[in-house]
Amino acid sequence: ILLKLNITLEQAKGPFYDVPTGRRDGQTAEKSKAANLPDVEDSLNTLKSKFREKGLSDLDLVLLSAGAHTIGTTACFFVIPRLDAKDPTINPVFFQVLRSKCPQGGDVNVRIPLDWESQFVFDDQIFRNIRNGKGVILSDSVLYQDNNMKQMIDSYLVTNGSSKASFATDFAKAMVKMGSIGVKIGIKGEIRRICNATN
């Protein structure tokens, strides 16, 4: 999956980074092991806790949650509850755009871009969207409600080139760090000959 994602990022003008290969994969899939993944409706404290449990920092949360949403889509299913609650963090004009794509009683499977301005390009526009109240999903928007994370997001948007943080470089580091979570060693798991199937 990480190899495929790396190729996709490169096609979207994103960073290239070395993906460690030869690691061991599990031989079974268990739903219970995915029970503690971040959810779009998680509070900021819950998101922080879930990331910290995996050894990831608040910066990793900004990069791997919001930053990863610079490309891709989501279903109206994940947006409608936020619209129905009239989330005040949504820019009023953008609220109407989202509501037109995801109307009450509409098809919850309709796909909409996570990064409304540049959905096919890996760039820092997602952070501008979040800053301007145009975050599509709640888990992105709540990041800007925290002063520490707000500063992190803003650091990628500084117009002075010498002090601007490098989103692409930091994102690549965070992806490698995330890819190191729960690596199997010894005789656990298997090194697959074909990536999408057990041996």
Side-chain angles (χ1 to χ4, degrees), residues 1-2 4-17 37-42 44 47 50-51 56 58-83 85 87-103 106-146 149-159 161 164-179:
I1 292 173
L2 285 176
K4 178 73 171 162
L5 175 62
N6 204 2
I7 293 166
T8 302
L9 278 175
E10 194 173 17
Q11 291 169 344
K13 298 181 173 67
F16 178 84
Y17 56 93
L37 290 174
D39 187 273
V40 296
E41 293 186 10
D42 281 344
L44 183 58
L47 289 168
K50 287 180 176 180
F51 271 69
L56 298 170
D58 288 352
L59 179 59
D60 295 324
L61 171 56
V62 167
L63 293 164
L64 298 170
S65 182
H69 295 154
T70 182
I71 53 177
T73 64
T74 189
C76 283
F77 173 84
F78 296 108
V79 180
I80 288 174
R82 196 172 171 217
L83 298 175
D87 184 340
T89 65
I90 303 174
N91 173 299
V93 173
F94 189 59
F95 181 95
Q96 296 305 321
V97 171
L98 287 176
R99 181 55 91 187
S100 72
K101 300 295 181 185
C102 302
D107 184 353
V108 296
N109 296 310
V110 168
R111 306 296 300 182
I112 59 172
L114 287 161
D115 181 349
W116 211 263
E117 308 292 327
S118 59
Q119 67 174 322
F120 299 112
V121 179
F122 183 95
D123 59 16
D124 58 15
Q125 182 62 45
I126 187 69
F127 296 127
R128 281 184 187 77
N129 296 346
I130 292 168
R131 179 187 65 192
N132 297 330
K134 296 180 180 179
V136 174
I137 56 176
L138 181 62
S139 59
D140 287 350
S141 295
V142 296
L143 300 178
Y144 210 68
Q145 307 308 308
D146 177 271
M149 292 191 173
K150 180 179 179 180
Q151 288 177 354
M152 291 175 198
I153 290 170
D154 288 344
S155 74
Y156 294 110
L157 301 175
V158 173
T159 54
K164 185 175 181 178
S166 173
F167 169 47
T169 301
D170 292 349
F171 180 80
K173 289 176 187 174
M175 286 296 294
V176 171
K177 186 175 178 182
M178 182 177 65

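Note that these values count all heavy atoms, side chains included, but never hydrogens, waters or copies made by symmetry.
Closest approach of Ile80 and Pro103 over heavy atoms only: CD1-O, 4.0 Å. In plain terms, the two heavy atoms of Leu37 and Asp42 that are nearest each other are O-OD2, 4.2 Å. Of all the heavy atoms in Ile71 and Phe120, the pair that sits closest is CG2-C, 4.0 Å. Listed here is the closest heavy atom pair of Ala66 and Leu143: CB-CD1, 3.6 Å. Scanning all heavy atoms of the two residues, the minimum distance from Gly67 to Phe171 falls at C-CE1, 4.3 Å.
Ring geometry for Phe127 versus Tyr156: interplanar angle under 30°, hence parallel rather than tilted (30 to 60°).
When side chains are defined from C-beta on, Asn109 does not count as touching Phe77, because their heavy atoms never get closer than 4.5 Å. Residues Val136 and Phe94 are in side-chain contact: their nearest non-hydrogen atoms beyond the backbone lie under 4.5 Å apart. Counting only heavy atoms from C-beta outward, the side chains of Gln145 and Leu44 never approach each other to under 4.5 Å. Between Thr74 and Ile112 there is a side-chain heavy-atom pair separated by less than 4.5 Å.
For the pairing with Asp140, the side-chain contact (heavy atoms from CB on, under 4.5 Å) check across Ile137, Val142, Leu138 returns one residue only, Ile137.
With a 6.0 Å radius and a threshold of 12 heavy atoms from other residues, nucleotides or ligands, Lys150 has its NZ atom at or below the threshold. Around atom NZ of Lys101, no more than 12 heavy atoms belonging to other residues, nucleotides or ligands sit under 6.0 Å away.
Separating the CE atom in Met149 from the CG atom in Leu61 is a distance of 4.0 Å, to the nearest 0.5 Å. The distance from atom CE of Met152 to atom CG of Asp146, rounded to the nearest 0.5 Å, is 7.5 Å.
Within the 3.5 Å criterion, the main-chain N or O of Val97 finds a donor-acceptor partner in the side chain of Ser100. Proximity of a side-chain donor or acceptor of Asn132 to a complementary backbone N or O of Lys134 within less than 3.5 Å is not detected.
With sequence neighbours left out, the side-chain hydrogen bond (donor to acceptor under 3.5 Å, both in side chains) criterion links Gln119 to no other residue. Looking at residues two or more places apart in sequence or on another chain, you find a side-chain hydrogen bond (donor to acceptor under 3.5 Å, both in side chains) between Asn129 and Asp115, Gln125. Judged as a ring-ring contact (aromatic ring centres under 6.0 Å, His included), and not counting sequence neighbours, Tyr144 has no contacts. Scanning for side-chain hydrogen bond (donor to acceptor under 3.5 Å, both in side chains) contacts around Arg82 gives Asp87, Thr89, Ser141, with sequence neighbours left out. With sequence neighbours left out, Arg111 forms a side-chain hydrogen bond (donor to acceptor under 3.5 Å, both in side chains) with Thr73.
Every pair tested for salt bridge (Lys or Arg N to Asp or Glu O under 4.0 Å) that includes a residue from residues 61-81 fails, sequence neighbours excluded, so the list is empty.
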As a quick check of understanding, evaluate side chain to side chain contact (heavy atoms under 4.5 Å, CB included) for Lys177 and Leu56, giving each step before the final call. CA-CA 8 Å; Lys177 186 175 178 182; Leu56 298 170; 3.9 Å; yes
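Side chain to side chain, Ser139 and Asp39 fail the donor-acceptor criterion of an N or O pair below 3.5 Å.
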